[in-house]
Amino acid sequence: MFNPFAKKPPLRGVLALYDDPDTLLTAAAQVRAHGFTGADAYTPYAVHGLSEALGIKKSWIPFVTLIMGLSGAGLGLYFQIWTSAYDWPINVGGKPFISLPAFIPITFECGVLIGGTMTLAALLVACGLPDFSTPVLDRSLTNDRFAIFIPESGRDWNEERTLQFLKGTNASELRVVRA
Amino acid sequence: MSHVSGTGNGNGSGNGHANGKPSEPAVIRLEPAAPPKYWTSLADLAGDPAVRDLQSREFRTPSEDPTEVPSRRDFLKFLGAGAAFAAAGCARKPVEKILPYLKAPEDVTPGNAVYYATTCGECPAACGALVKTREGRPIKLEGNPDHPLTQGRLCARGQGAVLNLYDPDRLKSPVVVDRATRAASAGTWGEIDKKAIRAFQQATEQGKAVVLLSGTITSPSTLALTHDFLSTFPAAEHVVYDAVSNDALARAQELSYGERLVPGYNFDKADLIISLGADFLATWLSPVEFARGYSRRRRPESGVMNRLVILEPSMSLTGTNADQRIRVRPEDLYPVAMALAHELLVREPRGGMAGDAGVVQALRAFPADGVETTAGLPQGTLTALANELWAARGRSLVVAGPQAAPAAHAVALQVAVNILNSALGNEGVTVTAATASRQSQGSEEAMTRLVERMRSGDVGVLLVQGANPAYTLPTAVGFAEALKRVPFVVSFAERLDETASLADVVAPDANFLESWNDHEPRRGVRSLTQPAISPLVDVRQFQESLLAWARYLGKGPLGASTASWHDWLKERWRTEVYAAADAAAPFEIFWEGSLRTGVVAVGTPAPSARPFRSGSTAGLPEPGTRADGSLTLVLYTPTSMYDGRSANNAWLQEVPDPVTKITWDNVALISPSRAKQLGLTGPTESELSSEVILVDAGHAKVEIPVHVQPGLHPDVVAIAIGYGRSAAGRVGNRVGQNAFMLAQATGGRIGTAGISVKVSNTGRRASVAMTQGHQSAENRPIIYETTFAEFQRDPRAGNESHGTLPSMWTRHKYAGHKWGMAIDLTSCIGCSACMVACRSENNIPAVGKKIILQGREMDWIRIDRYYSGDPENPDTVHQAMLCQHCENAPCETVCPVLATTHSSEGLNVQTYNRCVGTRYCSNNCPYKVRRFNWWEYSRVPEKSLRLVLNPDVTVRTRGIMEKCTMCVQRIRDGKEKAKALGVAVVDGDIQTACMQTCPTDAIVFGDLNDPLSRVAKLAKNDRGYHVLEELNTLPSITYQTKVRNREEANA
Amino acid sequence: MNEPMAVALGEPALIDSRKSFGDVSADVASPIEKKPGLLWKVAFGITLLLVGQFAVEVFLQLRLGIGVWGLNHPVGWAFDITNFVFWIGIGHAGTLISAILHLFRQRWRTGINRSAEAMTIFAVMTAGLFPLLHLGRTWFAYWLVPYPNWRYLWVNFRSPLVWDVFAVSTYLTISLCFWYVGLVPDFATLRDRSIGWKRGIYGLLSLGWRGSERHWQHYERAYMMLAGLSTPLVLSVHSIVSFDFATSLLPGWHTTIFPPYFVAGAIFSGFAMVVTLLVILRKVFKMEEYVTLHHLENMNKIILVTGMMVGYAYATEFFIAIYSGSQFERFTFFNRAGGPYAWAYWTMVTCNVIVPQLFWFKKLRRNIALMFVVSLLVNVGMWFERFTIIVTSLHRDFLPSIWGYYRPTIYDWSVLVGSFGFFFMWFLLFCRFFPTISIAEVKSVLWTAKLNAKADPKRLPEAEHV
Amino acid sequence: MSSLTGSRLLPLLVVAVLGAGAWAFLDSFSNIGYAPTQPIPFSHKIHAGTNKIPCLYCHSSAERSRHATIPAGNVCMNCHTVVATDKPNIQKLTSLYQSNQVVPWIRVHRLPDYVYFPHKWHVAKGIACQQCHGAVETMDVVKQVQPLKMGWCIGCHRQNKATQECNACHM
């Protein structure tokens, strides 16, 4: 079972804070060019182009929506046909037991319902939310500041060099994170 | 809700089944083996702690006892009681057998109905009836199919009569009234008897008369008993008085033919019926018999179709069915009748009577053109009618309403009718004295004479039975004042009615369902009344009271008799009916057989024409002059209320008047043109209230709401009698206005028409609970009609049905039965018997005026009444409208919870317990026949009213939809009966309640899949069509086009 | 980077570029962080009173029966379903603004979408009361849901009411999802601005949102997907609501144009309600810089367009009624315009077709007081549209014998008034405790504004200040 | 990891408790096991079991009517005027009977009032009484053993290809 309160593996790395998205975007491109893997950014809103800059893969959520939507619709239709024509067929207003036109609205609604709720579920799963254990790196990151985080990775990790590199990206503040 | 009645004990989510708490009948069973009196009673038991305990347990509310869910559980107790009850019935003294009907099961099995043959006691028409009982409770009245006159049919009032049995406002015991203070207190029978005996002795000592004042008594045995009883006293008289009287008719018969009687009328032998203000399809004499006879000769397919012409001032139910309707002021009815005779016998002398100088002399003053001028009729109207009559001589019938003409003309009008019938050779054919009616014997002259005698102090004891003169006699007669001069008055009324509250003692008579009796509605037809239940309250049958008193007095022919009334009746049958019936079997077998069939035909002399006494035309009034357009009042007898005797019956109050469609009220009817002139509008579709007008007849006045009634003569104001009772009970009190007050009493005659009145607007408004606000069918495909001539040329005439319409879907198969119905608009007269039958069969609550004003009436079957043509004298169509059981039912498709679905037998079934009450089905029903339970109608404080419920039909709870089920419980019963016998269901075995009672056979139910069934043939016949066919709902109900017997389609 | 595109299209800046990101957070959070003002308290008190009387009505109605309403035999639905359709319709503008405008990249939605979505949810909640309340046996409402039960009985999937159950519940669920997804980053902002228990609550509500770009990446896609689902959903919901009528066979109901007609009407009334709410909101909470005249004007344009669509539908109905040759149809429409309910019909036409014509004029489109009055009138008109459709079709249908007239009782009025109380109660609570403007999204357009300002400093004075 | 186990168990527990609650709630409607104490402790075990009196001897209407009916007092007295007259309960029964009173039995099996259940057709089809009422001949105190719910009816009707029309039972 998924536990939002369970402790996550510790967060270690270097955080660079920026005051405006322009600088952030430029820095992100540099981070990627410099070959840092697993770098992440924290922004108060979705800054367009940032994922591309950081080389983050495209989200797989649309596939969930599509597949779940279609299965929802299929299940809805199947359920209607099964209850109306097989489980207990009842003559209603002289209509055929499988009154397909009448089943369309619910088929559609089932598709949307399952597709939509599963999209939300997929978002939570993809982001690992809810997650109350990861520390807030800085309160301003949901307000007016932007950050790039380069996690400690592998044996050839060099904190000093990373800090040095980030200083060169016009970061307004640098922090070493040991959470 | 004071007006609610006839509902059950619905509880919570479930619908309390109509089981009826085991109140009175169950208790009676617990009576000690030898009860002190003839009838066991509640009062006797009240002291018994065991009974008190049982009662308290029976009526415990569910919350008091968590282990017990009330209704069903009580029902079972009651079921167990059922068998014992039958046994207790046998233990009664005297020991009687109550025999079931021939085809009914041998004994009482809980859950199975037992039918008893009896006679309807609602009015003196005395139609044959069957009482359906369940576990010892009468729950429904149906016509007795073996009865030669009514052939298994009942009218609306007959269908409603069963409710009177359970009326909580019936007297529960004898009552002693203090005449000074008019305070009534419960008495005992011993007390009553003592008082009565003393009064009888005093009257005898003082030489004062003992007078029995009764309504018409159709029972020969009762008449014999009263005769024997009265003969005990030196001065005694039996005065018969009917509020709705045929005195003028009987008097005219006496003048014209020598014997005072009301003849038998054979409407089934008449091709041309002319009615001068006689409402014979609704209220006159024997409406069920007449409607049946009338409709039997009104089958277009048979090639013969009678023609009905009515000349009337008001708009009666018969008038709405007329092929030709001529509006005549009440004062002109007599001249018009005379003018018709003038045409036949004077202007163009035809037939034997033309040689009768006396008659011809009397007719001279009535030339047709002159009368047409004074009556405001188009020239030639009467000539044409007379020619028609002559063409149909011997096959025609002229009748006149004894109360339709002013008092001064009442007898004269009837004499004129006698002239016509004799001249046309109808006498002895369509009018027969050999089968004379006993259904109306009242004499207005005798009544007014009695009031004089009472006033003079001549009357020592007055016994009042089956009459309510304090209510029905016009104030001018002074009955109440005269009554004060009578030292001792006994009333036999079953309630403390207007007259009973003026009496000294009330010795409540038993309801007819608790009584023994016999009836002879027409000479040669003897029927029996047998109790279907022991009295629910401490009452004693009227005859039993007379016998008891005679015994106490110890004098006269009854003085030594120890017989009970039952013995007496049986003995009369032994000596009288058994002898005349010429039966082969021993008497006991004959008696039991008579109880089973309920009716015995005794031989009558062959009908023959009586010679007309020409002397009877002497002294007939002269023709009047042309009316000045002043208003004249007509008091008419309403279909459901009759003379107001059952005003406390909510079922009957709730039946809309078939013409006005107004419930719970009487109103003043005026014609559209007069309304316009007076600036009155009456109630409308969107405004169920109306101006209150003051109708001033000089000697009396009433304030009453007005209704604009098409078809009324512009000079006429018509008001229904039978309303405005002050002592009918909680339901019937203060419903409408008492119009009897407006009647005139002149020359020993009560005049109910042609009373000059003034009308003024009071400026106030009153609500009018009208169930149909829109009068026109708006040329929609609802009603198709044609004329008989057109029909003979092309049987499809007027029928715009197209047969099958295309559909997206293939139709479902109905392999077994497929129930359906056919309704013939030509036959349907709108009498509304089906509405009350349906209400009784299906536990439909009466909801009361307030709720009807909210547009929430509950009838499953209603009669739609549409007018067409000239609003001043429109054509009328009555259309019974009920669930059409559409094959493509629009209601079913929209129900979200599958509460209404289609059965494999083609029924549109409603599962009440599944219904959540979206009302979508009703919205989507093009016929709007579904009824919603807006309130909890099943919660009735009066437990006795629950006893009338049919246990086979679920009582509906609040918040659910209900509608016609085509009496699915009757279908089930019919199928179960056939299955038990191992045979197929035969057409006619299963009848819906509406079909069963329809006096004109307009409703036919059956299996559409059975090619031999009547309904299958009717569904395919050329007149058959579906209402709103273009919607392709494929109704299971086929209507037959309305055929009118006249020249043009829309005259 | 295609953000300056809007500038190229000549769209005025949506927000003053002199605002900082921090200003946005502070401005939006201010009603939440401050004590409520007197105006809010009074308004909330009134709504509580209305809800209270509504509760009394519901209690009495459940106890006594649906008979307390003025419904009768031909008129089985009136205020109840009128209110239902009205509120469902109101809800549609919210989804439209948030989803459809999102898909069409109408960036001006950012200032108004949050409150519009909230309005959607509260309107659907209000609407959802009526299918329950209008039942004769409300306590069995769950029978409309196909769940396995010991009766072995399912529901009738051919009934539009079951479609409604699915449509309305799906609509509410998806709207909630969509709304909540939008709120998550803002809750994180609020969390990081607050301390103590408030921080705990907003922390829980934010699900631990950190603003990580990996999350934003999924978030943006999921948001887009939800918008993509909501768009056909919103069209389907009102189509299905219209099927309640369109699939019946009642003249005046049985009409193929109902789905688009109802959707247009829903958007029309919904936008009017958004205008009503925003005019108040921006004034009371001093959000004029976020909800600008430009926003309001855009909405007024939509009101004008949809109003004419609705007017066109009225005309079409009449034309078809005459042209079809069906005497029932013809009668129904003539009865609407000239029968006993003509007053309702002409109220509807006046409010819905004639009044919005004022918005042809730019001056009037940008007049706050006028647009407020117009938006109220449009809502009155749209309520009467549903009333007209429902009641005038029912009160005189096929058989003239059962024609009748419907008069609302005090209970009917109580329900109507109570539904407004219920709706506004939720909306006031929303204003008080939720960010009424999407903080994250406004920041994204703020950046656009800043970029614009940088690119073309001359444009700055043109930014709207009201 | 105890916290992880805990976190796995907690939701499962919640689901289990909710499910059990729902089941108990639904089951509370079925009345299975209802066995009220009767005013006279009539034992079906003695009558129908030991003495092998046929059900229909007392419940005679079951063949002829929709109701099986509780036998009338005189049916009891058919035997108990001579049998076991010394037992106090029989004396109670006798004295009730002689004072024209019936035993106020407490009902065990109850269908809602909107259900039409014809005993006669079920008896005619040869369905044993025990199928719905349980092995009454082994019960000292009669107990409800079947749920008597619509689904239970329908299950049997489906199995036996009997009618599934709504109006077969609801009218």
Side-chain angles (χ1 to χ4, degrees), chain B residues 13 685-688 771-782 851 854-857 862 864-866 879 881 890 892-899 901 914-924 926-936 957-961 1027-1028 1030-1031 1033, chain C residues 64-77 81 131 134-141 143-144 151 153-165 244-245 247-250 253 326-328 331 339-340 390 393-407 409:
Chain B
S13 63
E685 177 195 333
S686 50
E687 182 55 61
L688 290 180
T771 59
Q772 181 181 346
H774 199 85
Q775 320 287 16
S776 158
E778 301 288 340
N779 285 322
R780 294 183 168 191
I782 302 166
I851 294 178
Q854 294 170 341
R856 296 166 177 177
E857 65 273 14
R862 61 173 195 261
D864 289 347
R865 183 264 297 114
Y866 296 110
Q879 183 178 44
M881 183 50 67
E892 293 174 10
T893 313
V894 299
C895 175
V897 292
L898 294 165
T901 53
R914 178 67 174 170
C915 178
V916 295
T918 67
R919 305 182 294 290
Y920 199 175
C921 51
S922 172
N923 289 346
N924 207 27
Y927 311 97
K928 288 284 179 289
V929 290
R930 294 179 150 258
R931 302 291 181 178
F932 190 68
N933 285 271
W934 301 98
W935 308 100
E936 184 67 274
T957 183
R958 158 163 77 86
I960 62 172
M961 194 59 80
V1027 172
L1028 302 173
E1030 64 171 70
L1031 299 176
T1033 53
Chain C
L64 302 171
I66 290 294
V68 297
W69 290 349
L71 301 173
N72 54 35
H73 184 210
V75 186
W77 288 346
I81 303 299
H134 96 289
L135 293 182
R137 301 203 291 177
T138 300
W139 46 95
F140 288 132
W143 284 356
L144 269 76
R151 289 176 292 274
L153 209 51
W154 300 106
V155 298
N156 178 16
F157 287 112
R158 297 163 194 89
S159 167
L161 288 185
V162 173
W163 306 347
D164 274 350
V165 169
D244 284 351
F245 310 105
T247 64
S248 79
L249 44 63
L250 212 62
W253 284 14
S326 160
Q327 64 184 128
F328 303 116
F331 175 82
I390 292 169
S393 303
L394 281 171
H395 92 117
R396 286 179 164 178
D397 72 339
F398 292 101
L399 297 194
S401 64
I402 42 77
W403 286 0
Y405 193 78
Y406 163 82
R407 267 188 196 82
T409 65

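Every chain is numbered from 1, with letters handed out A, B, ... down the list of sequences.
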Which answer fits [X], side chain, backbone, both or neither, if we ask what part of it has an atom under 4.5 Å from a heavy atom of chain C?
X         : result
B/Ile782  : side chain
B/Tyr920  : both
B/Thr1033 : side chain
B/Glu892  : backbone
B/Ser686  : both
B/Tyr866  : side chain

Side chain / backbone / both / neither for [X] at chain B, heavy atoms under 4.5 Å:
X        : value
C/Trp253 : side chain
C/Ile81  : neither
C/Asp164 : neither

At a heavy-atom distance under 4.5 Å, which candidate from [options] has the highest pair count against chain B?
options                                : value
C/Gln327, C/His395, C/Arg158           : C/Gln327
C/Thr247, C/Asp397, C/Val165, C/Thr409 : C/Asp397
C/Pro131, C/Pro340, C/Gly70, C/Pro160  : C/Pro160
C/Thr138, C/Leu144, C/Val75            : C/Leu144

Taking [Y]'s backbone N and O only, do any of them form a donor-acceptor pair with [X]'s side chain (distance below 3.5 Å, no angle check)?
X        : Y        : answer
B/Glu685 : C/Arg396 : no
C/His73  : B/Lys928 : yes
C/Trp77  : B/Thr918 : yes
B/Asn923 : C/Gly76  : yes
B/Arg780 : C/Phe328 : no
B/Arg919 : C/His134 : yes

If you count heavy-atom pairs within less than 4.5 Å of chain C, which of [options] leads?
options                                : result
B/Val894, B/Asp864, B/Val916           : B/Val916
B/Gly773, B/Cys915, B/Ser922           : B/Cys915
B/Arg862, B/Gln854, B/Arg865, B/His774 : B/His774
B/Gly917, B/Gly959, B/Pro896, B/Ala777 : B/Pro896
B/Met961, B/Gln772, B/Arg958           : B/Arg958
B/Arg914, B/Glu857, B/Glu1030          : B/Arg914

Q.
Minimum heavy-atom separation for C/Gly67 and B/Arg856, please, with both atom names.
A.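 C/Gly67 and B/Arg856 have their closest heavy atoms at O-NH1, 2.8 Å.
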Q: Mind listing the closest non-hydrogen atom pair of B/Ser776 and C/Pro400 along with its distance?
A: O-CB, 3.2 Å
To the nearest 0.5 Å, what is the distance between [atom1] on [X] and [atom2] on [Y]?
X        : Y        : atom1 : atom2 : answer
C/Leu249 : B/Asn924 : CG    : CG    : 4.5 Å
B/Asn933 : C/Ile66  : CG    : CD1   : 12.0 Å
B/Tyr927 : C/Ile402 : OH    : CD1   : 12.0 Å

Q: For the pair B/Leu1028 and C/Leu399, evaluate side chain to side chain contact (heavy atoms under 4.5 Å, CB included) and give the outcome as yes or no after the intermediate values.
A: CA-CA 9 Å; B/Leu1028 302 173; C/Leu399 297 194; 4.0 Å; yes
Q | Test log, rule side chain to side chain contact (heavy atoms under 4.5 Å, CB included), inputs B/Trp935 and C/Val68 | A | CA-CA 8 Å; B/Trp935 308 100; C/Val68 297; 3.9 Å; yes
Q: Could you give me the CA-CA distance, side-chain angles and deciding distance for B/Thr957 and C/Arg137, then say whether side chain to side chain contact (heavy atoms under 4.5 Å, CB included) is met?
A: CA-CA 10 Å; B/Thr957 183; C/Arg137 301 203 291 177; 3.8 Å; yes
